[in-house]
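These numbers come from the heavy atoms of this one structure, side chains and all, not from hydrogens, waters or symmetry mates. Index from 1, following the sequence.
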Amino acid sequence: MKSDLNPTVYVLDEYEIPSCPSIMLLDVSLDIEIDTLGFWYIDELRMLDSNGKVLCFKQGDWLFDLLVADVYKDEKLCDLINEQCLEA
């Protein structure tokens with residue numbers, strides 16, 4: 001199935017994880033991919049540590065699972081990601 005959506009990278013400049021408000025993330029890149037049915041999903045998240053090293057998190061990593069679950073629950077944020085996938 002052909003989708004109008006395209007893979008993209010969506011950046012969360014500043015994001016407080018709703019299910020764990022003590023965690024504030026800055027400049028987190030979400031790698032957005034498109035599945036075979038034409039829907040977007042978060043494949044990976046990346047951010048820099050205090051030494052400038054890129055940290056990558058995938059499904060199964062506690063931070064990835066926590067963040068992605070909250071992103072998928074946030075209808076407004078999902079709409080913004082969807083719009084960016086349409087424009088990519």
Heavy-atom nearest pair, Ile32 first then Trp40, reads CG2-CB, 3.6 Å
Among the clusters formed by ILVMFWY side chains lying less than 4.5 Å apart, do Ile23 and Leu48 turn up in the same one?
no
Donor-acceptor contacts, no H, no angles, side chain residues 50-67, under 3.5 Å, sequence neighbours left out:
{"from": "Lys58", "atom 1": "NZ", "to": "Asp43", "atom 2": "OD2", "distance (Å)": "3.0"}
{"from": "Asp61", "atom 1": "OD2", "to": "Lys58", "atom 2": "N", "distance (Å)": "2.7"}
{"from": "Asp65", "atom 1": "OD1", "to": "Gly60", "atom 2": "N", "distance (Å)": "3.1"}
{"from": "Asp65", "atom 1": "OD2", "to": "Gly60", "atom 2": "N", "distance (Å)": "3.4"}

Which residues pass the side chain to side chain donor-acceptor pair (under 3.5 Å) test with Ser22, not counting sequence neighbours?
none
Donor-acceptor pair, Tyr10 side chain versus Ile42 backbone, under 3.5 Å?
no
If you measure from CD on Gln84 to CG on Asp79, what distance do you get to the nearest 0.5 Å?
13.0 Å
Counting only heavy atoms not in Tyr41, do more than 12 sit closer than 6.0 Å to its OH atom?
yes
Tightest non-hydrogen contact, residues Pro7 and Ala88, listed as O-CB, 3.7 Å
SG on Cys85 to CD on Glu83, rounded to 0.5 Å:
10.5 Å
Looking at OG1 of Thr8 and CG of Asn82, how far apart are the two atoms once the value is rounded to the nearest 0.5 Å?
11.5 Å
Check whether any side-chain N or O of Asp70 sits under 3.5 Å from a backbone N or O of Ile17 as a donor-acceptor pair, and report yes or no.
no
Determine whether Val9 and Leu45 fall in the same hydrophobic cluster, where Ile, Leu, Val, Met, Phe, Trp and Tyr are linked whenever their side-chain heavy atoms lie under 4.5 Å apart.
no
Pairwise side-chain contact, Leu12 with Leu25, heavy-atom cut-off 4.5 Å (strictly under):
no
Looking at CG of Leu5 and CG of Asp35, how far apart are the two atoms once the value is rounded to the nearest 0.5 Å?
9.5 Å
Can you get from Val28 to Leu80 by hopping between Ile, Leu, Val, Met, Phe, Trp and Tyr side chains that sit under 4.5 Å apart?
yes
Nearest non-hydrogen partners of Val11 and Ser29, listed with the distance
CG2-OG, 4.1 Å
